[in-house]
Amino acid sequence: MLRFRNTLTGELEPFEPIEEGRVRIYACGPTVWNFAHIGNFKTFVFYDVLRRYLRFRGYKVTEVMNVTDVDDRIVEQTIELKISIEELTTKYLDYFLEDMATLNIEKPEVMPKATDHIPEMVALVEKLLANGMAYEAEGSIYFRISAFEPYGKLSGKKLEGNQAGRGGRVDAQEYAKADVSDFVLWKAPKLEGERSWDSAIGAGRPGWHLECSAMSMKYLGETFDIHAGGEDLIFPHHENEIAQSEGATGKTFARYWLHSKFLNIENQKMSKRFGNFKTLRDLLENGVEPMAIRYLLLSAPYRTQLNFTADGLDAASASLERMRNFVRRVREAQSAPDGDGAGGAAAARMLEAFQAAMDDDLNTSVALAAVFSLVNEVNPMIDARKISDADREAILAAIERADGVLGVLALGEDESVPAEILELVAQRTEARRSRDFRLADEVRDRITAAGYVIEDSPDGTKVRKR
RNA sequence: GGCGGCGUCGCCAAGUGGUAAGGCAGAGGUCUGCAAAACCUCCACCAUCGGUUCGAAUCCGAUCGCCGCCUCCA
C-alpha cells in the first residue's frame, strides 16, 4: 500500500486518489528571474520521482507546475534592466527547461504561466470580495485572515505567537493592511514603470499566492490529490493558498501535502553570503556528470535534509558506475542453458523490495539498496555462468522498471564507440599478441585519455566510454 | 519569543522496541602481462547522562551540538 506523510496531519497516510486510477498533482514551480540552483532541483527531482513512481504504480498522472513570471523580484529586475517581463522570463524559462532535461526530469503535463491567467485570478479575488473574505485598502486587495477560521492548519502556526517580520522578511513595499498577518491578493502599482493589469478589481498585479490557487483549480479542479513543494513554502505560501482557495470554494483544496526538505552544501546552508551558492550550470562547468547530481539528490528520501558535497558527488558517480557496469555485464552474460532461475528470482525480489521501499513515503535510500542487493546477488552468478536467457531478460526488465522511477541509468543511450578508438583497441590487441606490453600500455593510455575504458576478459577485449 | 527537524562506520545514508540496510572510500586476497571490471574476506559499543522495559539506535526526561520556518528562499 502506497503511503505518504501528509504535512497537513503529520501522519503517514494511505494514498487514495479522488478518481480511481488517476492522480492530480500541483507542484510549485520556478520563479523565472534567474538560474535555478541545486536546491531548487532537489525539489524538482523529488516531484519527478513522485510522478514516475505513481505511474509505476499504475496511475495516470496529471501534474501541473506553475511558472511564476511576475513577482516582486521580477518586477524590480525588469525596472532595473529596463527590459520587459517577457524578455526576462522567457530567457530564464528556457534555461530552466534545459536544466530539467539535463537532469532527466520529465516535463509536467501542464506548465501554466501566471501572466496567462490574470482573468482567472481576478475572478477568484472577486469571489473573495463578494463573500467578505477580502477587502480593499489604498487600491490593493487583501485577504482577511480572521475571516478564515482554520487558518494555520497546515503549518501549525497560531497567529498570536507568530511575530510578523521576525524572520526579517517583511514586505519591503509597505502595503496598508488591516492586520499585519493579512496577505495581499492584488497589488496596486507602487513603483515607477511597474507592470500592471487593468481589471474589474482595479489596476494591479497578482499577489504571490494567488496564481497557485487560480491555476490549480483551473487545471485540476477545486479539490485535487497532491500539492507538493519545498518545506519553506509551508508557511506562508501554502497556508495562504489554502485560506484563499477554501475561503472561496468552501471545499477542501488539496488532500495530501508533500514537502521536501532543503539541502545543505558541505554541511552549510546554501547561501550567496557563504559563497556556496550553486546552480546546476556551475556544477556542470566543473565537470560533474548530470546523472551523478540526480543520483545524489535522490539518494536520500525527500523529507530528509541532504548534505550535498563534492565527496558525495564522487561517491554518487562511482555508485552509478557500478550500476551501469552491472547492466552491461548482464547484457553480455553468456547464456547458461541449465540456469536454475535464481537470477530471475532475485530480480523479482528486487522489484518487491523496491516497491515496498517506495510505498513507504518514497524511501529512495532503501529503494536504491534494493537495486544494489540485486547487483550483489547476480554478479557472482554471472561469474559462475549461471544466467540463462530467461534470467537475463527478467533482470534487465526489472532494472529497467526500477530505473523508470529513478531515471539515473540512461538505458537507451547510444553506447557505440567511434572507429578511431576501435582502431586503437585493435592496435593494442596486436601489441599484446606479440607481447609488446610497453606499446600496449602506451596505446591504452591514449584510449584512456580519449575518455574510454579498456577491459580485457576471457571473451576478448572490451572498450566503453569513460 | 512561537513552531518544527536532526545528531548512526572515514564520507553519504537507511533503520522508530527484539539486538545495526545499502553506496562510496579503505585493508587483505582471487583473476590479469600489468590494469580494468568482477568475486571472496575484513571494516559501527548508534552525541552524552539518567529512566521505562525481559529487551532501546528506536520510548520518556535532561544536557550538549547542529539545522529549518515565523509574509514572497525549493
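All values below come from the heavy atoms of this structure, side chains included, with hydrogens, waters and symmetry mates left out. For clarity, every value in this text was computed on a predicted model and none was experimentally measured. Note on naming: letters A, B, ... go to the chains in the order of the sequence lines (proteins, then strands), and numbering restarts at 1 for each one.
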Spacing of Leu263(A) atom CG and Lys278(A) atom NZ [to the nearest 0.5 Å]: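 That separation rounds to 11.5 Å.
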Asn325(A) versus Arg328(A), side-chain donor and acceptor atoms under 3.5 Å: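 Side-chain D/A pair, Arg328(A) to Asn325(A): present.
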Between Asp282(A) and Thr279(A): side-chain donor-acceptor atoms closer than 3.5 Å: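 Yes.
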Flag side-chain contact, heavy atom, 4.5 Å: Tyr302(A) against Leu50(A):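 No, too far: nothing below the 4.5 Å cut-off.
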Pair of N/O donor and acceptor under 3.5 Å linking C73(B) base with Asn40(A) side chain: no
side-chain hydrogen bond (donor to acceptor under 3.5 Å, both in side chains) pairs, two or more places apart, involving residues 40-50 of chain A: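 Sorted result for residues 40-50 of chain A: His37(A)-Asn40(A), Thr43(A)-Ser260(A), Asp48(A)-Arg52(A), Asp48(A)-Arg294(A).
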What does [X] touch in the nucleic acid at a heavy-atom separation under 4.0 angstrom: a base, only the sugar-phosphate, or nothing?
| X | value |
| --- | --- |
| Asn376(A) | sugar-phosphate |
| Ile454(A) | base |
| Gly229(A) | sugar-phosphate |
| His209(A) | nothing |

Before accepting this row, confirm whether a basic side-chain N of the pair [X]/[Y] lies closer than 4.0 Å to the acidic partner's carboxylate O.
| X | Y | result |
| --- | --- | --- |
| Arg324(A) | Glu289(A) | yes |
| Glu415(A) | Lys462(A) | no |
| Glu430(A) | Arg433(A) | yes |

Ring centroids of Phe372(A) and G22(B) base under 5.5 Å with planes under 30°: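 The ring of Phe372(A) is not stacked on G22(B).
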Phe262(A) ring over A74(B) six-membered base ring, under 5.5 Å and 30°: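 So Phe262(A) counts as stacking on the base.
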Near RNA chain B, counting only heavy atoms under 4.0 Å, which residues of [range] show up?
| range | value |
| --- | --- |
| residues 353-368 of chain A | Asn363(A), Ser365(A), Val366(A) |
| residues 377-386 of chain A | Asn379(A), Pro380(A), Asp383(A) |
| residues 299-306 of chain A | Ala300(A), Pro301(A), Thr304(A), Gln305(A), Leu306(A) |

Side chain of Arg73(A) (C-beta onward), nearest among A74(B), C24(B), G33(B):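 The closest nucleotide is A74(B).
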Among G2(B), G22(B), C34(B), the nucleotide that comes nearest once only the side chain of Arg444(A) is considered: C34(B)
Test ring-ring contact (aromatic ring centres under 6.0 Å, His included) applied to Trp186(A) - qualifying residues, sequence neighbours left out: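 With neighbours one apart ignored, the set is empty.
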Residues Val417(A), Val425(A); criterion side chain to side chain contact (heavy atoms under 4.5 Å, CB included); working and verdict: CA-CA 11 Å; Val417(A) 177; Val425(A) 173; over 6 Å; no
What pairs of donor and acceptor atoms, side-chain ones from residues 438-448 of chain A against any protein atom, are under 3.5 angstrom apart with sequence neighbours left out?
| unit_1 | atom_1 | unit_2 | atom_2 | d |
| --- | --- | --- | --- | --- |
| Asp441(A) | OD1 | Arg444(A) | NH2 | 3.3 |
| Thr448(A) | OG1 | Arg444(A) | O | 2.9 |

